[in-house]
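Step one of this worksheet: look at the structure below.
Just so we're clear, the structure is a prediction, and the values are computed from it rather than from any experiment.
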Amino acid sequence: MKRTQSRITTVALTALAPISWGSTYAVTTEFLPADRPLFTGMMRALPAGLALLLVTRRLPRGEWWWKALVLGALNIGAFFPLLFLAAYRLPGGMAAVIGSLGPLWVAGLAALFLGERPSLRTLLTGIAAALGVSLVVLKATGALDAVGVVAGVASSVAMAAGTVFTKRWGRPEGVGPLVLTGWQLTAGGLLIAPVAFLIEGAPPALDGRNLAGYLYLALVNTAVAYWLWFRGIGRLTATSVTFLGPLSPLTAAVVGWAALGQALTPLQLTGMAIAFGATLAGQYVPRAAKAVKPELKAELTGDLPAEPFTSTEQIGQKDSMDVMVPAVRR
(Lines give C-alpha, C1' and ligand atoms only; values in the text may rest on other atoms or scores of the structure.)
Protein backbone atom coordinates (compact mmCIF):
# COMPACT_ATOMS: atom_id res chain seq x y z
CA MET A 1 0.00 0.00 0.00
CA LYS A 2 2.81 2.41 0.93
CA ARG A 3 4.62 1.72 -2.36
CA THR A 4 1.41 2.22 -4.32
CA GLN A 5 0.77 5.57 -2.63
CA SER A 6 4.38 6.60 -3.28
CA ARG A 7 4.05 5.74 -6.96
CA ILE A 8 0.77 7.64 -7.28
CA THR A 9 2.42 10.69 -5.72
CA THR A 10 5.37 10.42 -8.10
CA VAL A 11 3.08 10.11 -11.12
CA ALA A 12 0.99 13.09 -9.99
CA LEU A 13 4.05 15.30 -9.45
CA THR A 14 5.57 14.27 -12.78
CA ALA A 15 2.28 15.01 -14.53
CA LEU A 16 2.55 18.64 -13.41
CA ALA A 17 5.38 19.07 -15.96
CA PRO A 18 3.34 18.44 -19.16
CA ILE A 19 0.38 20.23 -17.59
CA SER A 20 2.62 23.28 -17.14
CA TRP A 21 3.90 22.95 -20.71
CA GLY A 22 0.30 23.07 -21.89
CA SER A 23 0.16 26.73 -20.86
CA THR A 24 3.06 27.65 -23.17
CA TYR A 25 0.88 28.51 -26.18
CA ALA A 26 -1.38 30.88 -24.25
CA VAL A 27 1.55 32.62 -22.54
CA THR A 28 3.43 32.91 -25.83
CA THR A 29 0.52 34.43 -27.74
CA GLU A 30 -0.64 36.74 -24.95
CA PHE A 31 2.61 37.91 -23.33
CA LEU A 32 5.60 37.44 -25.63
CA PRO A 33 6.92 39.17 -28.77
CA ALA A 34 5.60 37.66 -32.00
CA ASP A 35 7.68 35.53 -34.37
CA ARG A 36 10.68 35.00 -32.06
CA PRO A 37 10.48 31.24 -31.32
CA LEU A 38 14.23 30.64 -31.02
CA PHE A 39 14.74 33.64 -28.75
CA THR A 40 11.83 32.38 -26.65
CA GLY A 41 13.38 28.91 -26.48
CA MET A 42 16.67 30.41 -25.33
CA MET A 43 14.92 32.59 -22.74
CA ARG A 44 13.10 29.55 -21.39
CA ALA A 45 16.20 27.42 -20.99
CA LEU A 46 19.30 29.50 -20.36
CA PRO A 47 18.15 31.78 -17.49
CA ALA A 48 16.48 28.83 -15.77
CA GLY A 49 19.61 26.69 -16.13
CA LEU A 50 21.94 29.41 -14.86
CA ALA A 51 19.63 30.09 -11.90
CA LEU A 52 19.69 26.42 -10.94
CA LEU A 53 23.48 26.34 -11.24
CA LEU A 54 23.68 29.29 -8.84
CA VAL A 55 21.33 27.58 -6.39
CA THR A 56 22.91 24.12 -6.49
CA ARG A 57 26.55 25.21 -6.99
CA ARG A 58 27.46 21.93 -8.68
CA LEU A 59 29.18 21.48 -12.04
CA PRO A 60 29.59 18.24 -13.99
CA ARG A 61 32.75 16.21 -13.51
CA GLY A 62 34.54 13.78 -15.79
CA GLU A 63 32.32 12.08 -18.33
CA TRP A 64 29.29 14.02 -17.13
CA TRP A 65 30.45 17.07 -19.06
CA TRP A 66 29.70 15.36 -22.36
CA LYS A 67 26.71 13.44 -20.99
CA ALA A 68 25.11 16.68 -19.77
CA LEU A 69 25.77 18.24 -23.18
CA VAL A 70 24.16 15.30 -25.01
CA LEU A 71 21.12 15.25 -22.71
CA GLY A 72 20.80 19.03 -22.90
CA ALA A 73 20.94 18.88 -26.69
CA LEU A 74 18.30 16.14 -26.93
CA ASN A 75 15.86 17.41 -24.29
CA ILE A 76 16.31 21.15 -24.88
CA GLY A 77 18.78 22.34 -27.51
CA ALA A 78 17.41 20.29 -30.40
CA PHE A 79 13.88 19.76 -29.12
CA PHE A 80 12.89 23.41 -28.73
CA PRO A 81 13.97 24.70 -32.19
CA LEU A 82 12.63 21.64 -34.03
CA LEU A 83 9.31 21.86 -32.20
CA PHE A 84 8.91 25.55 -33.02
CA LEU A 85 9.90 24.95 -36.66
CA ALA A 86 7.28 22.22 -36.97
CA ALA A 87 4.62 24.39 -35.32
CA TYR A 88 5.30 27.26 -37.72
CA ARG A 89 5.31 25.13 -40.89
CA LEU A 90 2.52 22.64 -40.19
CA PRO A 91 -1.20 23.46 -40.20
CA GLY A 92 -3.88 22.94 -37.60
CA GLY A 93 -2.10 21.34 -34.67
CA MET A 94 -0.29 18.71 -36.76
CA ALA A 95 2.92 19.36 -34.78
CA ALA A 96 1.09 18.35 -31.57
CA VAL A 97 -0.20 15.19 -33.24
CA ILE A 98 3.31 14.21 -34.35
CA GLY A 99 4.56 14.99 -30.85
CA SER A 100 1.92 12.71 -29.36
CA LEU A 101 3.68 9.79 -31.05
CA GLY A 102 6.36 10.16 -28.37
CA PRO A 103 5.22 7.08 -26.38
CA LEU A 104 5.78 4.91 -29.45
CA TRP A 105 9.28 6.32 -30.04
CA VAL A 106 10.13 5.76 -26.38
CA ALA A 107 8.84 2.20 -26.53
CA GLY A 108 11.19 1.46 -29.43
CA LEU A 109 14.22 3.21 -27.92
CA ALA A 110 13.61 1.68 -24.51
CA ALA A 111 13.65 -1.77 -26.10
CA LEU A 112 17.05 -0.99 -27.67
CA PHE A 113 18.78 0.78 -24.77
CA LEU A 114 16.92 -0.26 -21.61
CA GLY A 115 15.87 -3.81 -22.43
CA GLU A 116 12.23 -2.82 -21.93
CA ARG A 117 10.25 -4.94 -24.36
CA PRO A 118 7.06 -3.11 -25.44
CA SER A 119 3.82 -5.04 -25.01
CA LEU A 120 0.88 -5.00 -27.38
CA ARG A 121 -1.05 -3.08 -24.73
CA THR A 122 1.63 -0.37 -24.70
CA LEU A 123 1.56 -0.02 -28.48
CA LEU A 124 -2.24 0.12 -28.63
CA THR A 125 -2.33 2.66 -25.78
CA GLY A 126 0.20 4.81 -27.64
CA ILE A 127 -1.93 4.73 -30.78
CA ALA A 128 -5.02 5.64 -28.74
CA ALA A 129 -3.18 8.60 -27.18
CA ALA A 130 -2.18 9.91 -30.61
CA LEU A 131 -5.73 9.46 -31.89
CA GLY A 132 -7.20 11.32 -28.93
CA VAL A 133 -4.77 14.23 -29.32
CA SER A 134 -5.49 14.42 -33.06
CA LEU A 135 -9.21 14.78 -32.37
CA VAL A 136 -8.50 17.63 -29.97
CA VAL A 137 -6.04 19.72 -32.01
CA LEU A 138 -6.13 18.62 -35.65
CA LYS A 139 -7.86 20.81 -38.21
CA ALA A 140 -8.33 19.96 -41.87
CA THR A 141 -6.64 23.08 -43.24
CA GLY A 142 -3.59 23.46 -45.44
CA ALA A 143 -1.22 20.96 -47.02
CA LEU A 144 1.53 19.15 -45.17
CA ASP A 145 4.99 20.64 -45.45
CA ALA A 146 7.84 18.13 -45.78
CA VAL A 147 10.29 20.22 -43.75
CA GLY A 148 7.69 20.70 -41.03
CA VAL A 149 6.92 16.98 -40.87
CA VAL A 150 10.63 16.09 -40.64
CA ALA A 151 11.14 18.72 -37.93
CA GLY A 152 8.12 17.45 -35.99
CA VAL A 153 9.28 13.84 -36.12
CA ALA A 154 12.85 14.84 -35.23
CA SER A 155 11.68 16.86 -32.21
CA SER A 156 9.60 13.96 -30.94
CA VAL A 157 12.45 11.49 -31.42
CA ALA A 158 14.91 13.88 -29.73
CA MET A 159 12.71 14.18 -26.65
CA ALA A 160 12.16 10.41 -26.58
CA ALA A 161 15.90 9.74 -26.86
CA GLY A 162 16.63 12.32 -24.16
CA THR A 163 14.19 10.60 -21.82
CA VAL A 164 15.60 7.13 -22.46
CA PHE A 165 19.23 8.20 -22.04
CA THR A 166 18.39 10.22 -18.93
CA LYS A 167 17.11 6.97 -17.46
CA ARG A 168 19.97 4.84 -18.79
CA TRP A 169 22.74 7.09 -17.49
CA GLY A 170 21.03 7.96 -14.22
CA ARG A 171 22.87 10.59 -12.17
CA PRO A 172 26.34 10.85 -10.65
CA GLU A 173 26.58 9.76 -7.03
CA GLY A 174 25.33 12.49 -4.70
CA VAL A 175 23.70 14.49 -7.52
CA GLY A 176 19.95 15.09 -7.36
CA PRO A 177 17.49 15.81 -10.18
CA LEU A 178 17.63 19.56 -9.54
CA VAL A 179 21.37 19.63 -10.31
CA LEU A 180 20.87 17.48 -13.42
CA THR A 181 18.10 19.81 -14.57
CA GLY A 182 20.39 22.82 -14.24
CA TRP A 183 23.09 21.14 -16.30
CA GLN A 184 20.72 20.21 -19.11
CA LEU A 185 18.94 23.56 -19.29
CA THR A 186 22.22 25.46 -19.35
CA ALA A 187 23.69 23.22 -22.06
CA GLY A 188 20.50 23.39 -24.13
CA GLY A 189 20.21 27.16 -23.77
CA LEU A 190 23.81 27.68 -24.82
CA LEU A 191 23.22 25.55 -27.90
CA ILE A 192 20.11 27.52 -28.87
CA ALA A 193 21.62 30.99 -28.29
CA PRO A 194 23.92 31.22 -31.36
CA VAL A 195 21.23 29.76 -33.61
CA ALA A 196 18.70 32.29 -32.33
CA PHE A 197 21.00 35.26 -32.91
CA LEU A 198 22.08 33.98 -36.33
CA ILE A 199 18.54 33.41 -37.62
CA GLU A 200 16.47 35.97 -35.73
CA GLY A 201 19.03 38.72 -35.17
CA ALA A 202 19.34 40.93 -32.12
CA PRO A 203 16.95 40.41 -29.20
CA PRO A 204 13.70 42.39 -29.41
CA ALA A 205 12.86 45.27 -27.08
CA LEU A 206 10.96 43.89 -24.09
CA ASP A 207 8.28 45.58 -21.99
CA GLY A 208 6.96 44.62 -18.56
CA ARG A 209 4.38 42.23 -20.01
CA ASN A 210 7.04 40.42 -22.04
CA LEU A 211 9.33 40.13 -19.02
CA ALA A 212 6.51 38.69 -16.91
CA GLY A 213 5.83 36.09 -19.58
CA TYR A 214 9.48 35.09 -19.83
CA LEU A 215 9.78 34.95 -16.04
CA TYR A 216 6.87 32.52 -15.87
CA LEU A 217 8.26 30.38 -18.70
CA ALA A 218 11.76 30.26 -17.19
CA LEU A 219 10.81 29.55 -13.58
CA VAL A 220 7.53 27.62 -13.57
CA ASN A 221 7.24 26.28 -17.12
CA THR A 222 10.89 25.23 -17.41
CA ALA A 223 12.97 25.11 -14.20
CA VAL A 224 10.29 23.59 -11.95
CA ALA A 225 8.61 21.58 -14.71
CA TYR A 226 11.80 19.96 -15.98
CA TRP A 227 12.96 19.25 -12.44
CA LEU A 228 9.71 17.33 -11.85
CA TRP A 229 10.06 15.62 -15.24
CA PHE A 230 13.64 14.43 -14.67
CA ARG A 231 12.75 13.42 -11.12
CA GLY A 232 9.95 11.27 -12.54
CA ILE A 233 12.26 9.70 -15.11
CA GLY A 234 14.47 8.53 -12.25
CA ARG A 235 11.59 6.87 -10.41
CA LEU A 236 9.12 5.57 -13.00
CA THR A 237 9.32 3.39 -16.07
CA ALA A 238 9.94 4.97 -19.46
CA THR A 239 6.46 4.01 -20.58
CA SER A 240 4.77 5.58 -17.56
CA VAL A 241 6.57 8.90 -17.97
CA THR A 242 6.06 9.22 -21.71
CA PHE A 243 2.32 8.55 -21.47
CA LEU A 244 2.01 11.70 -19.37
CA GLY A 245 3.01 13.73 -22.43
CA PRO A 246 -0.51 13.98 -23.94
CA LEU A 247 -1.54 16.02 -20.90
CA SER A 248 0.27 18.97 -22.53
CA PRO A 249 -2.01 19.44 -25.59
CA LEU A 250 -5.04 18.59 -23.45
CA THR A 251 -4.09 21.34 -21.00
CA ALA A 252 -3.52 23.74 -23.90
CA ALA A 253 -7.06 23.06 -25.12
CA VAL A 254 -8.53 23.63 -21.64
CA VAL A 255 -6.54 26.86 -21.15
CA GLY A 256 -7.66 28.05 -24.58
CA TRP A 257 -11.27 27.41 -23.63
CA ALA A 258 -11.07 28.90 -20.12
CA ALA A 259 -8.74 31.88 -20.71
CA LEU A 260 -8.92 32.67 -24.41
CA GLY A 261 -12.59 31.96 -25.11
CA GLN A 262 -11.91 29.14 -27.58
CA ALA A 263 -14.83 26.73 -28.04
CA LEU A 264 -14.55 22.99 -27.51
CA THR A 265 -16.61 20.80 -29.85
CA PRO A 266 -18.09 17.41 -28.93
CA LEU A 267 -15.43 15.77 -31.13
CA GLN A 268 -12.68 17.53 -29.20
CA LEU A 269 -14.19 16.47 -25.89
CA THR A 270 -14.29 12.89 -27.15
CA GLY A 271 -10.63 13.15 -28.11
CA MET A 272 -9.77 14.52 -24.68
CA ALA A 273 -11.48 11.56 -23.03
CA ILE A 274 -9.60 9.09 -25.25
CA ALA A 275 -6.22 10.76 -24.69
CA PHE A 276 -6.76 11.04 -20.94
CA GLY A 277 -7.82 7.41 -20.78
CA ALA A 278 -4.65 6.43 -22.63
CA THR A 279 -2.60 8.47 -20.15
CA LEU A 280 -4.16 6.58 -17.25
CA ALA A 281 -3.72 3.23 -19.00
CA GLY A 282 -0.07 4.07 -19.55
CA GLN A 283 0.46 4.14 -15.78
CA TYR A 284 -0.51 0.51 -15.36
CA VAL A 285 2.26 -1.66 -13.89
CA PRO A 286 2.07 -5.32 -15.06
CA ARG A 287 1.61 -8.01 -12.43
CA ALA A 288 4.92 -9.47 -13.58
CA ALA A 289 6.60 -6.67 -11.67
CA LYS A 290 5.60 -8.40 -8.44
CA ALA A 291 7.92 -11.27 -9.23
CA VAL A 292 11.15 -9.26 -9.31
CA LYS A 293 13.51 -8.78 -6.41
CA PRO A 294 12.32 -6.33 -3.73
CA GLU A 295 15.02 -3.75 -4.43
CA LEU A 296 14.30 -3.83 -8.18
CA LYS A 297 10.57 -3.71 -7.61
CA ALA A 298 11.05 -0.61 -5.44
CA GLU A 299 12.88 1.09 -8.30
CA LEU A 300 10.23 0.01 -10.81
CA THR A 301 7.28 1.20 -8.78
CA GLY A 302 8.84 4.47 -7.73
CA ASP A 303 9.16 3.80 -4.02
CA LEU A 304 12.88 4.54 -4.19
CA PRO A 305 14.80 6.70 -6.65
CA ALA A 306 16.88 4.86 -9.22
CA GLU A 307 20.52 5.18 -8.22
CA PRO A 308 23.08 5.82 -10.96
CA PHE A 309 25.91 3.47 -11.89
CA THR A 310 29.16 5.34 -12.18
CA SER A 311 31.95 2.78 -12.54
CA THR A 312 32.62 0.51 -15.49
CA GLU A 313 31.60 -2.56 -13.49
CA GLN A 314 28.44 -0.90 -12.26
CA ILE A 315 27.46 0.21 -15.75
CA GLY A 316 27.77 -3.39 -16.89
CA GLN A 317 25.62 -4.50 -13.98
CA LYS A 318 22.99 -1.91 -14.83
CA ASP A 319 22.84 -3.04 -18.44
CA SER A 320 22.34 -6.63 -17.37
CA MET A 321 19.51 -5.67 -15.03
CA ASP A 322 17.86 -3.48 -17.64
CA VAL A 323 17.49 -6.58 -19.82
CA MET A 324 15.52 -8.23 -17.06
CA VAL A 325 13.36 -5.42 -15.78
CA PRO A 326 11.47 -2.64 -17.52
CA ALA A 327 13.30 0.62 -16.87
CA VAL A 328 11.90 4.18 -17.54
CA ARG A 329 10.58 6.84 -20.68
CA ARG A 330 9.85 15.15 -22.78
Side-chain angles (χ1 to χ4, degrees), residues 17-18 21-26 28-29 35-42 44-45 71-110 123 125-165 188 191-192 195-196 199-200 217 221-222 225-226 229 238 241-253 256 268 271-272 274-275 278-279 282 329-330:
W21 298 333
S23 66
T24 303
Y25 175 78
T28 300
T29 56
D35 301 325
R36 303 304 294 262
L38 293 176
F39 178 75
T40 294
M42 181 194 71
R44 281 186 66 184
L71 293 177
L74 291 172
N75 286 317
I76 308 295
F79 175 68
F80 279 5
L82 289 170
L83 179 66
F84 283 125
L85 178 60
Y88 269 76
R89 297 186 69 105
L90 293 177
M94 178 59 72
V97 175
I98 295 176
S100 68
L101 296 174
L104 299 178
W105 299 125
V106 168
L109 292 172
L123 298 177
T125 304
I127 293 172
L131 173 62
V133 171
S134 67
L135 294 178
V136 175
V137 303
L138 194 59
K139 299 177 183 178
T141 58
L144 293 182
D145 175 82
V147 174
V149 171
V150 171
V153 171
S155 70
S156 182
V157 172
M159 186 67 171
T163 298
V164 169
F165 280 105
L191 290 173
I192 296 174
V195 180
I199 295 178
E200 297 180 350
L217 287 183
N221 189 272
T222 302
Y226 273 96
W229 185 255
V241 175
T242 192
F243 273 113
L244 296 173
L247 292 176
S248 179
L250 297 187
T251 302
Q268 287 177 303
M272 293 176 71
I274 294 174
T279 296
R329 179 196 198 232
R330 129 176 64 262

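- Considering all non-hydrogen atoms of both residues, P18 and G245 come closest at CB-O, 4.1 Å.
- For S23, the side-chain hydrogen bond (donor to acceptor under 3.5 Å, both in side chains) test picks out Y216, with sequence neighbours left out.
- The side-chain hydrogen bond (donor to acceptor under 3.5 Å, both in side chains) search around S155 returns none, not counting sequence neighbours.
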Donor-acceptor list for residues 127-138 side chains, cut-off 3.5 Å, not counting sequence neighbours:
| residue | atom | partner | partner atom | Å |
| --- | --- | --- | --- | --- |
| S134 | OG | A130 | O | 3.4 |
| S134 | OG | L131 | O | 2.6 |

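- With rounding to the nearest 0.5 angstrom, the CZ atom of F80 is 5.0 Å from the OG1 atom of T222.
- Scanning all heavy atoms of the two residues, the minimum distance from G102 to A160 falls at O-CB, 4.3 Å.
- Atom CZ of F165 is separated from atom CG of L109 by 7.5 Å, given to the nearest 0.5 angstrom.
- For the atom pair CG (N75) and OH (Y226), the distance works out to 6.5 Å, reported to the nearest 0.5 Å.
- T279 places no side-chain N or O within donor-acceptor distance of the main-chain N or O of L244, the cut-off being under 3.5 Å.
- In this structure, CD in Q268 is found 11.0 Å from CG in L250, a value given to the nearest 0.5 Å.
- Side chains of W105 and V153 form a contact here, defined as non-hydrogen atoms less than 4.5 Å apart.
- At a threshold of 4.5 Å between non-hydrogen side-chain atoms, the residues I192 and R44 do not count as touching.
- Contact record, A225 with W21: CB-NE1, 3.4 Å, taken as the closest heavy-atom pair.
- Across every non-hydrogen atom of G126 and P103, the tightest pair is CA-CB, 4.5 Å.
- Here the closest non-hydrogen pair linking A110 and V164 is N-CG2, 4.1 Å.
- Closest heavy-atom contact between L191 and V195: O-CG2, 3.7 Å.
- Side chain of S156 to main chain of G152: no donor-acceptor pair is present (N/O by atom type, distance under 3.5 Å, no hydrogens or angles).
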